[in-house]
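Structure, as structure tokens:
All figures in this text were calculated on a predicted structure; none of them were measured in a lab. Chain letters run A, B, ... following the sequence lines, proteins first and then strands; every chain starts at 1. The analysis underlying the following values was restricted to heavy atoms, covering all of them including side chains, and did not include hydrogens, waters or symmetry mates.
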Amino acid sequence: MNNDQTPPVSNFIRNIVIRDLESGKHNKIVTRFPPEPNGHLHIGHAKSICLNFGLASEFGGTTNLRFDDTNPLKESEDFAQAIMSDVRWLGFEWNELRHASDYFQQLYDYAVHLIKNGKAYVDSQDAESMRASRGTLTEAGTNSPYRDRSIEESLELFEGMKNGEFADGEHVLRARIDMASGNMHMRDPAVYRIRKVAHHRTGDEWNIYPMYDWAHGISDAIEGITHSICTLEFEEHRPLYDWFLDNIPSPCHPQQIEFARGNLDFTVMSKRKLKELVEGGYVSGWDDPRMPTIAGLRRRGYTAQSIRTFWKEAGVSKAESIIPMGVLENAIRNDMNENAPRVMAVLDPVKVVLTNYPEGESELFEAPSHPQKPEMGSRSVPMSREIWIERGDFMEEPPRKFFRLRPGGEVRLRNAFIIKYTDIVKDSEGNIIEIHCEYDPESRSGLPGAARKVKGTIHWVSAEHGINAEIRLYDRLFSVANPLADKEKDYLEFLNPHSLDVITDAIVEPAVAKGSPGDFFQFERVGYFTIDQDSADSERPILNRTVSLRDSWAKLNR
RNA sequence: UGGGGGUUCGUCUAGUGGUAGGACUGCGGACUCUGACUCCGCCAGCGGGGGUUCGAAUCCCUCACCCCCAGCCA
């Protein structure tokens, strides 16, 4: 994966890898991205993906995609498929596709090994008693009455659990560690639980399923993972990760390294909340363009490259952080500025009549697709006597420094010629219906007269040739930077009521209508837009605003 | 006196005993047939206190604040 227009950025995990390679601890690194197939990937997962795949690719190692599918209650093949397509879309290809469920037999055998060595026992307390005896954060737990059950009995019970002889919850296999440990995860953690449900891959072959802590480290070891990178909340699991590997005949002992998740402001990132937004109908789906999911960002018009660049620039550390949305926006603007073909579109149209333009005639202007990149080619833009311009580009009583059209003023029509105001027509309520102008034929782009400078240049679309389009203007999903900060109020109360504004009477130049879903453009002076999938069965094009252009004029007027 | 982490410009981050650097934002300017882009410049930081040292963001002590852990979830 080539993510490297710029040199790699140093971070503590990369430093560990460099050290391990230099010291000869490893001669090749192996990483993995281990999602549970119980939901869709979001921008936070992308950080982990970029980190794991990026590190391996930089140092000539490999990365596996491994589904952590140990809880059949929540997982599905559909989610797994969506995750694979998102990872690929992001631009990464895994070395091997693995599943924790591939290792169910080995995991079981290792558990038997643990029991035989007196390191695990079958506990027959109910869940409630187990919780009660675990103690609290400040008080030690107490040993289960079954803790000293004989190895033979545990072995027999465990096999019975596997064979489906017991109901869910009747028994659980626990590691025998230390009920008084300050680390709650070391207080005889559950290793296996009974779950008589079908697994999306192993069907009803198993009646018991391994817990995360048991499955994860061993899966890492089986795959020869060298650096098992995960997020901060697993820091306290590390002693357990190590304990498990130290107590089985493990092929190797991967190093778990934790980093801070990357949060964005004005959104939420937890799977649970994202799910709530979808199921509550607050958004149109997992791929709603306002969602921070990979699918949502993709539909919004974000490119994989922009997401990779974003995470590269954000860096990796152990400090919890909330990154301003503006940083992500900056990444897509940079990408689009390089690659988006330019077109003209009027979102809030008002008519301009060029009174000295011959009636019934039209002409084509050849306009470059990119002002700095002639190699991107050009398109033909039709001009006629009546055109649409942006309502905001004309003001009867303009403020200081208003460079656009005004009574008595001149302005250049982008890619065409200069026009001069002559008159306006209003309706009985005083609304502007038409603006009358005269054009200067000598100032056509390409002619010597084009050298004449006027301060403003505005975009336009021929009324005769323009195509009606639906434009979906997206804004941040929440109206406050951190919707979770207020402990009194639910985050849903902070949903931004204006996060979607649909414009149905926008006019775009013909070149836009030729595009297909996923194509993107810069609407000059407005922003970056992408053709939405809904366009496929719509008589008119539907476009999503990915992000607006920076607008220092608007900023000046705030 | 449960345990585990964290704190460097507004934001994100680099730095492991030798001039605190970069990116984003912000501000100012140049350029411009996009008030975009680009270019130039500027502002701005080591949580507090103490110690070791010729020299500390870095080592030691201490205080403060923030986050995580009591699933048969991951």
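In this structure, A:Gln372 and A:Glu75 both approach RNA chain B, and ranking their closest nucleotides by distance from the 5' end singles out A:Gln372. Looking at which nucleotide of RNA chain B each of A:Ala450 and A:Arg550 is closest to, the 5′-most match is held by A:Arg550.
Between A:Ser10 and B:U13 there is no side-chain N or O to OP1 or OP2 distance below 4.0 Å. A close approach under 4.0 Å does occur between a side-chain nitrogen or oxygen of A:Arg134 and OP1 or OP2 of B:C72. When the side-chain nitrogen and oxygen atoms of A:Arg195 are compared with OP1 and OP2 of B:C72, none of them lie within a distance under 4.0 Å. For A:Asn330 and B:U25, the shortest distance from a side-chain N or O to OP1 or OP2 is below 4.0 Å. When the side-chain nitrogen and oxygen atoms of A:Lys555 are compared with OP1 and OP2 of B:G26, one or more of them lie within a distance under 4.0 Å. Contact annotation: A:Asn415 does not reach the phosphate of B:U34 (side-chain N/O to OP1 or OP2, under 4.0 Å). Considering only side-chain N and O atoms, A:Thr138 lies nowhere under 4.0 angstrom from the phosphate OP1 or OP2 of B:G3. OP1 or OP2 of B:C73 has at least one side-chain nitrogen or oxygen of A:Arg193 nearer than 4.0 Å.
Comparing the same atom, P, in B:U11 and in B:U25 gives a spacing of 16 Å after rounding to whole Å. Separation of the C1' atoms belonging to B:A14 and B:G45 is 13 Å when rounded to the nearest angstrom. Nucleotides B:G50 and B:C43 have their P atoms positioned 29 Å apart, rounded to a whole Å. The P atoms of B:C24 and B:U38 are separated by 9 Å, rounded to the nearest whole Å. Comparing B:A56 with B:A20, their P atoms are spaced 11 Å from each other, to the whole Å. Taking atom P in both B:U58 and B:G17, the straight-line distance is 11 Å, to the nearest Å. When the C1' atom is used for both B:G55 and B:U19, the distance is 12 Å, rounded to whole Å. B:U1 and B:C65 are spaced 16 Å apart, taking the P atom of each and rounding to whole Å.
Atom CZ of A:Arg261 and atom C1' of B:U13 are 20 Å apart (whole Å). B:C72 atom C1' lies 14 Å from atom OH of A:Tyr209, rounded to whole Å. For A:Arg131 and B:G71, the CZ to P distance is 6 Å, given to the nearest whole Å. Straight-line distance from the CG atom of A:Leu240 to the P atom of B:G3: 19 Å, rounded to whole Å.
A:Met130 comes within 4.0 angstrom of a base, heavy atoms only. Here A:Pro368 lies out of heavy-atom contact (under 4.0 Å) with every strand. A:Asp265 comes within 4.0 angstrom of no nucleic acid atom, judged by non-hydrogen atoms across all strands. Among the protein residues, A:Asp178 comes within range of no part of the nucleic acid, since none of its heavy atoms lies under 4.0 Å from any strand. Contact annotation for A:Gln125: base contact, defined as any heavy-atom pair under 4.0 Å involving a base atom. Residue-level contact check: A:Gln522 touches the bases, meaning some heavy atom is under 4.0 Å from a base atom. Within the 4.0 angstrom heavy-atom criterion, base atoms lie near A:Phe234. Note on A:Ala319: only backbone sugar-phosphate atoms sit closer than 4.0 angstrom, heavy atoms only; bases stay farther off. Within the 4.0 angstrom heavy-atom criterion, only backbone atoms of the sugar-phosphate kind lie near A:Val316; the bases stay farther away. The residue A:Ala140 sits apart from the nucleic acid: no heavy atom pair falls under 4.0 Å. Within the 4.0 angstrom heavy-atom criterion, base atoms lie near A:Glu236. Within 4.0 Å of A:Leu556, counting heavy atoms only, lies no atom of the nucleic acid at all.
Atom CD1 of A:Ile208 sits about 10.0 Å away from atom CD of A:Glu159, to the nearest 0.5 Å. Rounding to the nearest 0.5 Å gives a distance of 4.0 Å between CZ of A:Arg14 and CD of A:Glu58. Interatomic distance, CD of A:Glu258 versus OG of A:Ser228, reported as 9.0 Å (0.5 Å rounding).
For the pair A:Lys273 and A:Tyr491, the cation-pi criterion (under 6.0 Å, within 45° of the ring axis) is fulfilled.
B:A64 and B:U7 make up a base pair, with Watson-Crick or G-U wobble contacts both under 3.5 Å. Checking B:U19 for Watson-Crick or G-U wobble geometry (two distances, each under 3.5 Å) identifies no partner in any strand. With a cut-off of 3.5 Å on both pairing distances, the Watson-Crick or G-U wobble partner of B:C42 is B:G26.
The side-chain heavy atoms of A:Leu41 and A:Ile83, taken from C-beta on, include a pair separated by under 4.5 Å.
Residue-to-nucleotide contacts include no donor-acceptor pair under 3.5 Å from the side chain of A:Glu313 to the base of B:U13. Within 3.5 Å, a donor on the side chain of A:His237 pairs with an acceptor on the base of B:A74, or the reverse.
Remark: A:Arg147 does not engage A:Asp123 in a salt bridge, criterion side-chain N to carboxylate O under 4.0 Å. Of the charged side-chain nitrogens involved, at least one lies within less than 4.0 Å of a carboxylate oxygen, so that A:Arg452 and A:Glu410 count as a salt-bridged pair.
A stacked arrangement is assigned to A:Trp553 and the six-membered base ring of B:G35, with a centre-to-centre distance below 5.5 Å and an interplanar angle below 30°.
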Given side chain to side chain donor-acceptor pair (under 3.5 Å), test A:Arg174 with A:Tyr192 step by step and report yes or no.
-> CA-CA 7 Å; A:Arg174 288 230 256 174; A:Tyr192 268 93; over 6 Å; no
